[in-house]
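Just below is one structure, and these are the notes that go with it.
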Amino acid sequence: MRRNNLILTNIFFFLILLIVSAGCTQSTEIEERNWNLVWQDEFNSDGPLDAAKWTYDLGAGGWGNNEFQTYTSNEENVVVDDGYLKLTALRSGTSFSSARIKTQGLFEQAYGRFEARIKTPYGPGIWPAFWLLGANIDTDPWPLCGEIDIMELRGQQPSLINGTVHGPGYSGGAAITKTYGLEASRFDSEFHLFAVEWGTDYLHFFVDDVLYFEIKPDDLTGEWVYDHPFFIILNIAVGGDYVGFPTSETPFPQTMLVDYVRVYKEAQ
């Protein structure tokens with residue numbers, strides 16, 4: 001009997017060893033890279049946005065997602081204050097206003113590391129995002145131009161964010177995406193660092209420098225279109241297909257605070 005117990009014990013520990021070993025071999029290891037800072041906005045000058053770095057998307061129309069807000073350049077919706085970029089969604093009766101800023105025509109880059117330190121808004125129907133869009137969108141309409149969502153959040157799920165790509169053959173509801181969640185915390189309670197590292201044949205998504213999502217060309221159900229410059233977008237949408245309606249439980253105003261945005265290139 002003791003011998004049988006000993007055998008069973010040895011088998012048990014052997015199986016545990018196999019499981020641990022398998023977990024180790026499946027873990028993602030990425031090459032360490034030396035990044036050089038090439039573009040940044042630290043939002044240290046209070047007042048309007050730096051016009052040499054940012055421009056605006058303006059207006060309503062649903063933005064392809066049945067969104068409710070009208071985007072403006074008004075100070076009540078977008079301003080630099082106390083060392084932070086503040087994008088604010090407001091409600092006035094049944095109408096909503098917000099802000100969507102971009103570097104289109106001012107700064108675009110293929111490959112590198114794109115990062116922003118952000119404290120998100122929250123609430124049902126609130127949809128903050130930090131993302132990249134192909135600079136060739138005027139000649140190759142979405143999704144042919146490609147889209148890289150570094151961070152988007154459903155306000156009704158403030159502990160979860162998604163990293164996502166949209167391209168030909170995998171856009172909208174068929175996008176390639178993965179969720180990252182916090183334990184016993186929320187993205188609206190403190191700042192977090194969201195980043196993507198992008199090379200000729202990979203996209204790596206990070207939260208607070210934790211790699212949680214890796215995409216390679218073979219992972220896609222369509223064409224790899226991440227071989228040309230993209231520009232940066234920051235916005236808060238209100239409503240839309242991704243998040244649904246705001247409700248009576250959605251507090252307004254809702255503000256996304258951005259401490260900085262930085263872009264790097266790999267040192268040669």
Side-chain angles (χ1 to χ4, degrees), residues 22-23 26-30 63-67 87 89 100 113-133 142-143 146-167 169-199 202-222 224-226 230 232-247 249-250 254 256-259 261:
Q26 292 174 2
S27 64
T28 302
E29 293 185 6
I30 62 173
W63 296 91
N65 299 298
N66 297 310
E67 299 166 23
L87 301 181
R100 173 163 148 164
R113 178 180 167 96
F114 297 73
E115 67 179 27
R117 187 170 179 263
I118 297 172
K119 184 178 179 182
T120 71
Y122 71 96
I126 300 297
W127 181 4
F130 165 44
W131 50 299
L132 311 178
L133 195 59
W142 188 92
E147 175 180 328
I148 304 170
D149 299 326
I150 303 171
M151 180 281 295
E152 57 183 347
L153 177 142
R154 292 181 173 96
Q156 57 267 49
Q157 298 175 311
S159 297
L160 304 176
I161 62 97
N162 274 70
T164 305
V165 293
H166 300 260
Y170 51 97
S171 61
I176 309 299
T177 187
K178 190 168 184 178
T179 299
Y180 180 91
L182 297 175
E183 294 184 10
S185 187
R186 296 162 40 142
F187 287 104
D188 62 288
S189 64
E190 58 186 345
F191 283 90
H192 293 273
L193 182 63
F194 304 99
V196 69
E197 294 183 1
W198 167 23
Y202 68 86
L203 287 162
H204 294 154
F205 292 78
F206 300 84
V207 174
D208 297 326
D209 288 325
V210 175
L211 173 65
Y212 74 96
F213 189 23
E214 179 179 13
I215 303 175
K216 296 182 178 180
D218 291 344
D219 298 324
L220 301 181
T221 54
W224 179 268
V225 290
Y226 310 100
F230 280 53
I232 303 166
I233 303 176
L234 289 158
N235 71 290
I236 306 175
V238 179
D241 300 331
Y242 186 69
V243 292
F245 294 94
T247 72
E249 298 177 359
T250 306
Q254 280 297 322
M256 178 161 71
L257 295 176
V258 185
D259 187 16
V261 180

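Atoms considered below: every heavy atom in the structure, side chains included; atoms not considered: hydrogens, waters and symmetry mates.
- A donor-acceptor contact shorter than 3.5 Å is absent between the side chain of Ser159 and the backbone of Gly181.
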Criterion side-chain contact (heavy atoms from CB on, under 4.5 Å) on Val261 and Ile232, from CA distance to verdict: CA-CA 9 Å; Val261 180; Ile232 303 166; 4.2 Å; yes
How far apart are the C-alpha atoms of Glu115 and Arg117, what are their side-chain angles, what is the distance that settles it, and do they pass the salt bridge (charged side-chain N to carboxylate O under 4.0 Å, His left out) test? CA-CA 7 Å; Glu115 67 179 27; Arg117 187 170 179 263; over 6 Å; no
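- With His166 contributing its side chain and Gly172 its backbone, the two residues share a donor-acceptor pair below 3.5 Å.
- Interatomic distance, Leu153 CG to Ile161 CD1, rounded to the nearest 0.5 Å: 8.0 Å.
- In terms of modelled atom types and a separation under 3.5 Å, the side chain of Thr179 and the main chain of Asn162 share no donor-acceptor contact.
- For Asn235 and Trp131, the side-chain atoms include at least one donor-acceptor pair closer than 3.5 Å.
- Screening residues 146-165 for salt bridge (Lys or Arg N to Asp or Glu O under 4.0 Å), with sequence neighbours left out, gives no hits.
- The shortest non-hydrogen separation linking Pro124 to Thr250 is O-OG1, 2.6 Å.
- Although no hydrogens or angles enter the test, the distance criterion places no donor-acceptor pair under 3.5 Å between the side chain of Gln254 and the main chain of Gly123.
- What you find for Leu182 and Tyr180 is that their closest heavy atoms are CD2-CE2, 4.1 Å.
- Around the CD atom of Glu249, the shell of radius 6.0 Å holds no more than 12 heavy atoms that belong to other residues, nucleotides or ligands.
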Under the criterion side-chain contact (heavy atoms from CB on, under 4.5 Å), I'd like the reasoning laid out for Arg100 against Leu234: C-alpha separation, chi angles, the key distance, then a yes or no. CA-CA 6 Å; Arg100 173 163 148 164; Leu234 289 158; over 6 Å; no
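- For Phe187 and Phe194, the ring centers sit closer than 6.0 Å to each other.
- Phe205 has its side chain within reach of Val165: a pair of non-hydrogen atoms, C-beta onward, lies under 4.5 Å apart.
- Proximity of Leu203 to Ile148: side-chain heavy atoms (C-beta onward) are separated by under 4.5 Å at one or more points.
- A pairwise comparison of heavy atoms in Ile236 and Ala89 identifies CG2-CB, 4.1 Å as the closest pair.
- Contact record, Ile150 with Tyr212: O-OH, 4.2 Å, taken as the closest heavy-atom pair.
- Classified by interplanar angle (parallel below 30°, tilted 30° to 60°, perpendicular above 60°), the ring pair Tyr226/Trp224 is perpendicular.
- Residues Asn65 and Tyr242 have side chains not in contact (no heavy-atom distance under 4.5 Å, counting atoms from C-beta outward).
- Heavy-atom minimum distance, Ala129 versus Met256: O-CE, 3.9 Å.
- We find the CZ-CZ distance between Phe114 and Phe230 to be 9.0 Å, quoted to the nearest 0.5 Å.
- Counting only heavy atoms from C-beta outward, the side chains of Ile176 and Leu220 approach each other to under 4.5 Å.
- Using a 4.5 Å heavy-atom threshold, the side chains of Pro246 and Val238 count as touching.
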Under the salt bridge (charged side-chain N to carboxylate O under 4.0 Å, His left out) criterion, do Arg186 and Asp188 qualify, and how do the steps go? CA-CA 5 Å; Arg186 296 162 40 142; Asp188 62 288; 2.9 Å; yes
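- Residues Trp142 and Leu133 approach most closely at CD1-CD1, 3.9 Å, considering heavy atoms.
- Between Asp259 and Ile118 there is no side-chain heavy-atom pair separated by less than 4.5 Å.
- A side-chain hydrogen bond (donor to acceptor under 3.5 Å, both in side chains) with His204 is found for exactly one of Glu197, Glu214, Arg113, namely Glu214.
- Of the possible polar contacts, one joining the Thr221 side chain to the Gly169 backbone as a donor-acceptor pair under 3.5 Å is found.
- Within the 4.5 Å cutoff, side-chain heavy atoms of Leu257 are placed close to those of Phe191.
- Ile215 places a side-chain heavy atom less than 4.5 Å from the side chain of Phe213.
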